[in-house]
*Asks:* 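Got a structure here, written out as structure tokens. Questions coming.
Order of the sequence lines sets the chain letters (A, B, ...), proteins ahead of strands, with each chain counted from 1.
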Amino acid sequence: MAIEPSADYTPSELMTVQAARELPDGAVVFVGIGLPNLACNLARATHAPNLCMIYESGAVGAIPDRVPPSIGDPSLVTGSLMVASMSEIFQFFLQNGKIEVGFLGGAQIDKYGNLNTTVVGSYDAPKVRLPGSGGACEIAIFAQRTLVVMKLNKRAFPEKVDFITSPGMRSLGKSRSEWGMPGGGPVKVITDKCIMEPNPTTGELEVSALYPGATIENVQENVGWKLSVRSPLGTVEPPNATEVKLLREVLDPDRLHIK
Amino acid sequence: MAIEPSADYTPSELMTVQAARELPDGAVVFVGIGLPNLACNLARATHAPNLCMIYESGAVGAIPDRVPPSIGDPSLVTGSLMVASMSEIFQFFLQNGKIEVGFLGGAQIDKYGNLNTTVVGSYDAPKVRLPGSGGACEIAIFAQRTLVVMKLNKRAFPEKVDFITSPGMRSLGKSRSEWGMPGGGPVKVITDKCIMEPNPTTGELEVSALYPGATIENVQENVGWKLSVRSPLGTVEPPNATEVKLLREVLDPDRLHIK
Amino acid sequence: MKNKVVNMSEAVASLVQNGDTLVIEGFTHLICFAAAHEIIRQGKKDLTLARLTPDLIYDQMLAAGTAKKLIFSWAGNPGVGSLHAFRRLVECKPRKIEIEEYSHFGMVARFSAGAANLPFWPLRNYMGTDIPGHNPLIKTVTCPFTGETLAAVPGLRPDITVVHAQRADRFGNAQVWGLLGVQKEAAFASKRVIVVAEELVDESVIRNDPNRTLIPGSIVSAVVIEPWGAHPSYAQGYYDRDNDFYVKWDQVARTEESLKEYLDRYVFGVKNRHEYMQIQPELLRLKAKAQISEGVNYGY
Amino acid sequence: MKNKVVNMSEAVASLVQNGDTLVIEGFTHLICFAAAHEIIRQGKKDLTLARLTPDLIYDQMLAAGTAKKLIFSWAGNPGVGSLHAFRRLVECKPRKIEIEEYSHFGMVARFSAGAANLPFWPLRNYMGTDIPGHNPLIKTVTCPFTGETLAAVPGLRPDITVVHAQRADRFGNAQVWGLLGVQKEAAFASKRVIVVAEELVDESVIRNDPNRTLIPGSIVSAVVIEPWGAHPSYAQGYYDRDNDFYVKWDQVARTEESLKEYLDRYVFGVKNRHEYMQIQPELLRLKAKAQISEGVNYGY
């Protein structure tokens with residue numbers, strides 16, 4: 001595999017590559033659509049050929065031969081290892097702790113990694129009504145760990161979300177362990193400028209690595225709470241030429257997800 | 001179909017024919033092995049071609065091409081309409097009230113139609129340890145009605161069973177409705193000398209019809225409680241030649257179940 | 001068993017009542033738009049619509065005024081964005097429809113309880129979220145063995161459920177492959193069931209492979225044979241999902257006017273699914289390619 | 001994924017520990033006698049054996065002294081009569097093994113709860129029966145919506161479950177058709193899973209028909225390829241049930257001596273299933289006849 005760095009890459013490509021690298025070979029991953037799906041396929045095409053991709057629609061071990069526009073695409077079934085009913089997906093896989101990594105995103109994430117995909121404004125008089133939980137609530141509760149992929153933006157990173165759809169490290173006044181949540185919660189938040197990780201004591205998201213060219217000030221001005229910064233700060237390997245080529249030519253040639 | 005009466009028939013044949021006649025065309029029947037299985041197949045071959053036979057093993061709409069020696073026989077699957085998991089059989093079919101008729105038998109039946117297939121003697125020091133409930137307990141509770149097929153015998157028809165595996169019309173001091181049991185209970189007990197039915201008020205089994213040649217005294221001497229007798233007593237059509245021929249030549253040619 | 005085959009118009013007229021709790025399930029796969037369109041055409045109203053993903057199908061039914069309430073867990077246009085008709089009804093105070101909201105797991109649990117005839121279903125969910133705070137039907141139950149507190153949702157027993165299947169016989173024995181969603185649970189939970197199939201097959205085809213049967217004819221009230229009945233959703237092995245239509249819907253539904261034009265042309269403007277397909281011959285491009293599985297031995 | 005294929009001796013040695021709660025499921029169909037025999041040969045002991053129908057397989061394991069406890073719902077010889085080794089252990093006071101007894105529905109519920117990682121499972125059962133009076137693990141739970149009292153059984157989480165399948169790939173993706181029993185629930189409930197298959201197939205065979213997959217390789221610890229591994233039980237499409245053997249067992253098990261002779265010859269007297277079949281060439285008469293299902297289209 002080429003390790004030459006890519007001459008150019010977009011923020012979406014950078015995020016996708018970072019997410020892909022978080023997936024160890026052989027892991028059982030609960031995949032959402034869009035960038036997470038691309039990240040999984042990129043991992044499969046590079047360092048993790050045995051990644052097991054599971055979709056809430058019931059497809060297990062999917063190997064889609066096109067970019068699936070939805071998590072229930074027929075291409076996720078053809079050639080997959082198993083079709084599970086949704087009752088099995090939620091009870092026997094998720095609630096039973098068989099999902100190692102879950103991907104999440106949302107309209108808002110707050111300083112404890114709580115995600116909102118339900119409503120901007122108040123529930124009874126919404127400014128924007130979002131789709132709601134889908135499986136996100138239970139992915140956040142049960143997956144052994146979750147990865148959040150979201151672009152930085154002051155409105156998307158408030159100190160407190162308008163509605164907690166998917167709980168993070170601390171929600172409604174209690175920590176995950178106080179709530180008795182089985183999964184590990186959001187271990188990494190992958191943004192377009194940095195990576196955040198929860199503080200092991202407080203559960204607050206703090207900057208753990210900056211991307212090449214980004215500054216803490218860049219990040220802070222897009223985030224609604226006072227950011228802590230880890231010391232020493234981790235480094236991030238930029239996308240290499242192979243990864244970018246795969247994304248552009250094989251995995252998302254029509255640029256459905258990578259802008 | 002010939003309606004000429006059969007020149008001869010055995011008590012088992014008589015019981016099987018009586019049971020078959022209780023099955024309306026199109027009914028969904030939960031089938032056990034032995035005489036109930038024969039009765040269902042006889043009904044299918046005569047007046048009820050659309051009987052839907054369901055087995056606790058998961059076979060739905062079975063049309064076995066041999067006499068199945070067990071309720072999990074492969075012949076129940078080949079050519080059946082559906083294979084359900086046992087979780088579906090017990091939850092979606094039985095508990096959900098979708099079974100119209102259930103067949104039961106046992107080592108003992110008492111005056112309220114309670115059945116014992118668990119133990120003769122005490123549970124902790126059994127005289128005879130029987131197999132136990134299997135699905136009988138829940139068939140008794142959930143089937144819209146049950147049919148019991150058992151030969152008369154004083155030890156088999158005690159006033160009170162040693163262990164209630166499958167509740168009848170009244171058990172542990174309460175009626176079915178007081179217990180909140182969804183199914184209708186044992187509407188008929190088909191023996192080799194008579195048919196018994198529960199008294200609508202007390203729930204006690206009483207003689208509702210006598211077979212040709214049998215007397216109340218014959219019956220009473222084999223039963224451990226003082227029998228009430230309905231008036232007028234119903235009549236029972238003996239097996240006809242077609243029924244006996246089917247049983248002997250087609251449905252149980254090796255006399256596995258009919259002795 | 002008796003022959004239950006009727007046409008969609010007869011099935012909807014006789015089995016869907018105003019005020020019913022109606023379920024048309026199918027997770028991305030096998031969503032029966034043909035039934036929804038006929039319900040709209042017949043002017044059914046005051047329905048409570050339940051479904052994990054309301055999707056375009058309930059966006060259309062909401063826009064057409066058939067519903068008074070929505071029970072759901074994800075109200076979006078999959079892979080595209082918002083459901084605009086839905087949003088117009090709920091982004092106002094007071095809302096123009098009632099909503100009752102869960103997560104997918106909660107909806108699956110409600111159908112599972114319904115199918116098992118249980119009054120509730122336990123799940124380890126919803127702690128630390130705002131979901132139960134806005135839905136009084138999410139309660140808790142205490143485990144009699146461990147003392148743990150679990151979430152509980154009530155069983156859902158629809159009046160009528162429409163199950164779209166790849167094939168069925170005339171008695172309603174229905175076979176499905178590919179994604180299964182919660183169609184089996186929804187059907188067993190329901191008082192009445194309409195099976196809509198792409199293809200009518202002889203009973204012998206069903207009996208040839210009984211492990212493929214999703215629901216037995218014994219719980220089915222009517223069978224409708226409706227090729228392409230799931231478009232713009234898909235039927236594995238029959239036709240692909242019309243992803244372009246899902247993208248286009250984002251524009252169509254953006255205003256009440258353009259949505260009404262759509263309904264006038266494609267729902268009220270046709271008598272049935274056959275006419276719907278006739279005015280869109282280009283849809284035949286979605287016909288599935290062949291990738292046939294191998295048989296297995298059921299002999300003994 | 002890594003290749004998990006090992007032989008039965010290795011699988012049992014590394015994955016079955018003395019004192020484990022062990023499940024070998026399969027309702028009449030796909031009961032893995034090959035695994036039971038190897039467990040007996042290796043002298044495993046103090047096992048808690050759980051299974052709906054102990055059947056001949058646990059009668060043999062009980063007779064061989066592998067178990068301290070039995071969890072079950074129907075302990076008979078299906079279609080024949082009694083399990084004599086079982087009866088010798090329980091028709092005495094005090095019993096020579098512990099027993100914990102349910103009905104089938106109760107056992108199904110215990111496995112379902114285990115697979116779903118729930119501490120209990122609710123069911124409307126056991127009212128008016130003597131079963132809960134002899135099993136303190138059958139309790140009640142109150143519905144938080146209706147106030148009804150339901151029965152509840154605790155989740156069962158075996159240490160090790162053996163699933164016999166018609167075919168599997170080397171990663172443990174296992175396919176089953178015909179009767180499904182509670183094998184899926186038992187496998188998902190279990191900490192460790194051994195898949196035993198009649199036939200090793202390439203991953204592409206599994207991917208050719210994903211709706212037939214009962215359990216995914218991701219929950220499987222080891223794969224054993226063991227043709228005829230279920231005899232005297234059966235594997236649909238591979239061989240018929242040996243009904244004669246079930247009848248014969250009634251005599252074999254009637255005395256401790258004749259049962260010991262059986263074990264000496266057919267279990268201890270052979271190294272593995274291959275030898276077991278070699279000394280009984282007449283069993284090949286049970287080979288299944290062909291009745292092949294037709295394929296379905298997975299294309300789009």
Side-chain angles (χ1 to χ4, degrees), chain B residues 24-31 44 48-55 57-70 72-101 138 141-144 180-183, chain C residues 1-4 109 111-119 121 155-157 161 165 167-176 180 182-193 195 201-220 295-300:
Chain B
D25 196 21
V28 178
V29 185
F30 212 72
V31 191
R44 274 214 306 130
N50 301 305
L51 200 67
C52 180
M53 292 163 65
I54 299 189
Y55 292 78
S57 59
V60 175
I63 44 171
D65 65 1
R66 69 180 180 195
V67 184
S70 81
D73 198 63
S75 69
L76 299 172
V77 167
T78 316
S80 68
L81 284 174
M82 176 184 189
V83 175
S85 74
M86 292 188 76
S87 150
E88 291 163 0
I89 286 289
F90 286 106
Q91 297 196 101
F92 295 0
F93 286 88
L94 248 187
Q95 186 167 253
N96 195 19
K98 302 294 185 194
I99 302 295
E100 295 169 60
V101 184
E138 37 267 7
I141 288 173
F142 293 114
Q144 290 171 25
M181 285 180 205
Chain C
M1 272 184 278
K2 74 175 214 290
N3 184 347
K4 297 171 184 168
F111 283 123
S112 299
N117 187 26
L118 285 174
W121 199 263
L156 181 57
R157 308 254 13 187
T161 290
R167 63 190 185 195
D169 68 17
R170 63 206 160 111
F171 309 117
N173 297 294
Q175 298 196 324
V176 167
L180 305 172
V182 290
Q183 301 226 50
K184 182 181 282 193
E185 289 82 1
F188 273 95
S190 197
K191 290 178 202 144
R192 304 185 291 279
V193 175
V195 161
V201 295
D202 190 77
E203 187 183 335
S204 64
V205 173
I206 304 291
R207 293 190 181 274
N208 177 262
D209 197 350
N211 282 96
R212 295 234 192 263
T213 305
L214 189 79
I215 55 171
S218 59
I219 67 164
V220 172
V296 297
N297 189 5
Y298 275 98
Y300 59 87

*Asks:* Where on B:Val28 is there a heavy atom nearer than 4.5 Å to chain C: the side chain, the backbone, both, or neither?
*Replies:* side chain
*Asks:* Is C:Ile219 close to chain B through its backbone or its side chain, or both, or neither, when contacts mean heavy atoms under 4.5 Å?
*Replies:*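 The side chain, not the backbone.
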*Asks:* With a 3.5 Å cut-off and no angle check, do the side chains of C:Arg207 and C:Asn173 form a donor-acceptor pair?
*Replies:*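 Distance-only check fails for C:Arg207 and C:Asn173.
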*Asks:* Spell out, as yes or no, whether a donor-acceptor pair under 3.5 Å connects the side chain of B:Ser70 to the backbone of B:Gly72.
*Replies:* yes
*Asks:* Starting at CD of B:Gln144, measure out to CD of B:Glu100 and round the result to the nearest 0.5 Å.
*Replies:* 5.0 Å
*Asks:* Looking at chain C, which one of B:Ile63, B:Leu94, B:Asp73 has the largest number of heavy-atom pairs inside 4.5 Å, strictly under?
*Replies:*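 The candidate making the most pairs under 4.5 Å is B:Ile63.
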*Asks:* Using distance alone, with no hydrogens and no angle criterion, decide if C:Tyr298 and C:Asn211 have a side-chain donor and acceptor under 3.5 Å apart.
*Replies:* yes
*Asks:* Name the region of B:Ser87, side chain, backbone, both or neither, that has any atom closer than 4.5 Å to a heavy atom of chain C.
*Replies:* neither
*Asks:* Heavy-atom distance under 4.5 Å to chain B: side chain of C:Ser112, backbone, both or neither?
*Replies:*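 Answer is backbone: N, CA, C or O of C:Ser112 sit under 4.5 Å from chain B.
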*Asks:* Aromatic ring centroids of B:Phe93 and C:Phe188 under 6.0 Å?
*Replies:* yes
